[in-house]
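No hydrogens, no waters, no symmetry mates; every other heavy atom, side chains included, goes into these values.
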Amino acid sequence: MRLVSVASLPKVMHRKTGMLRGFTVPKSPFGQAALTPPPPWHYAGDVVGVEFWTDADATAATLPNGLSPDPKSNGHAVMMFLDWQFTAQDDEYLEPARYQYREAFILVDAMYRDEPVMWCPYIYVDNDAALARGWTQGFPKKMGSIFQTRSFAASGPAAAPVAPGSRFGASLSAHGQRLAEACVTLHRPVANGISLLSRPTVLLRYFPRLAAGYQDKPAVNELAMSITDDLTVTGAWIGQGELNFPEANGEELNALAPKRIESGFRYSVSYSVSDLKILEDHGS
């Protein structure tokens with residue numbers, strides 16, 4: 001971890017005005033106050049998820065300009081709950097209070113021109129650094145409270161081993177309201193865990209203007225494709241899934257409530273992020 005010594009602080013008084021550092025806000029003299037360090041970003045975590053089918057018109061209604069429904073799988077979606085650990089270049093993972101977090105999001109099938117993709121209409125996270133990284137990428141992150149059953153190597157009634165018949169629960173809440181609850185019962189391992197992530201994810205990088213007369217002309221309005229390096233999936237299992245989206249004020253996740261459950265799954269994943277592919281710029 002890179003820290004600034006107290007002895008270095010007086011030097012700030014002699015630096016030129018405007019020489020602020022940091023990949024994100026807040027910009028500061030040494031750049032350490034920024035919400036998140038610059039890429040490359042590295043992630044590792046455990047995933048509990050449910051694959052399901054919902055109302056096709058509801059998924060289509062979430063798509064931004066540039067994406068269209070997938071005629072072969074419109075209405076297909078996955079809900080994922082993740083327990084993450086993050087690091088960049090300075091052993092950030094040694095600060096778990098700042099760089100561990102939990103996340104929940106939904107992905108729906110779509111098409112970008114002739115390419116099958118997935119679109120993320122809603123995502124929740126419990127950490128401000130992850131919120132900043134998500135907005136930079138185009139994930140529409142909101143704050144939430146996310147939990148999932150963890151597995152431990154020491155055997156016992158609470159260990160939840162990754163084995164046939166084991167059950168893993170997960171939940172998402174925000175602003176005092178339950179938004180999603182899931183349960184996955186493992187049946188069998190999957191030989192190729194990457195098959196669970198067969199489509200690239202497309203996002204919308206959108207930052208509005210506040211100035212009067214420009215509020216309908218966003219400063220940034222880019223359709224982007226997420227790029228992941230060194231994607232690794234291990235310990236993948238599938239089984240039975242249960243998923244419920246309770247109605248909640250101020251939220252629209254319930255409009256994508258499952259009509260048919262396909263399966264449940266669990267796996268561990270790691271990857272790195274250092275780039276983003278801009279597909280279309282819809283800016284003014």
### Task
Begin from the C-alpha positions of Phe52 and Arg260 and carry the test side-chain contact (heavy atoms from CB on, under 4.5 Å) through to its verdict.
CA-CA 6 Å; Phe52 65 99; Arg260 176 169 62 89; over 6 Å; no
### Message
Whether the Glu92 and Thr87 side chains hold a donor-acceptor pair (N or O, under 3.5 Å, no angle test) is what I'd like checked.
### Response
yes
### Same cluster (ILVMFWY, side-chain, under 4.5 Å), Leu203 and Val220
yes
### Within 45° cone of Phe86 ring axis and under 6.0 Å: Arg133 NZ or CZ
yes
### Query
Are a donor atom and an acceptor atom from the side chains of Trp84 and Gln100 found within less than 3.5 Å of each other?
no
### Task
For His282 and Asn221, test the side chains for any donor-to-acceptor distance below 3.5 angstrom and give the result as yes or no.
no
### Query
Under 3.5 Å, is there a donor-acceptor pair linking the side chains of Ser272 and Asp229?
no
### Query
Between the side chains of Asp83 and Gln148, does any donor sit under 3.5 Å from an acceptor?
no
### Ion pair check, Arg199 and Glu115, cut-off under 4.0 Å
no
### Query
So if you build clusters from Ile, Leu, Val, Met, Phe, Trp, Tyr with side-chain heavy-atom gaps below 4.5 Å, do Val190 and Phe265 land together?
yes
### Query
Can a donor-acceptor pair be found between the side chains of Ser195 and Asn192 at a distance below 3.5 Å?
no
### Message
The test is side-chain contact (heavy atoms from CB on, under 4.5 Å); show your working for His187 and Gln240 and say whether it passes.
### Response
CA-CA 7 Å; His187 288 174; Gln240 179 183 346; 4.0 Å; yes
#### Entry: Phe139-Leu63 co-clustered via ILVMFWY side chain contacts under 4.5 Å
no
### Query
Do the rings of Tyr43 and Trp41 sit parallel, tilted or perpendicular, given the 30° and 60° boundaries?
perpendicular
### Message
Under a 3.5 Å cutoff, is there a donor and acceptor pairing between the side chains of Glu51 and Ser263?
### Response
yes
### Message
If hydrophobic clusters are built from ILVMFWY residues whose side chains come within less than 4.5 Å, do Tyr101 and Leu179 share one?
### Response
no
### Asn74-Thr59 side chain donor-acceptor pair, cut-off 3.5 Å
yes
### Query
Any ion pair linking Asp126 and Arg102 (charged N to carboxylate O, less than 4.0 Å)?
yes
### Query
Any side-chain heavy atom of Pro64 within less than 4.5 Å of one from Trp119?
yes
### Task
Walk me through it: do Leu67 and Val117 pass the test side-chain contact (heavy atoms from CB on, under 4.5 Å)?
CA-CA 9 Å; Leu67 295 186; Val117 299; 4.2 Å; yes
### Task
Check step by step if side-chain contact (heavy atoms from CB on, under 4.5 Å) holds for Ile106 and Leu256.
CA-CA 9 Å; Ile106 187 169; Leu256 301 175; 3.7 Å; yes
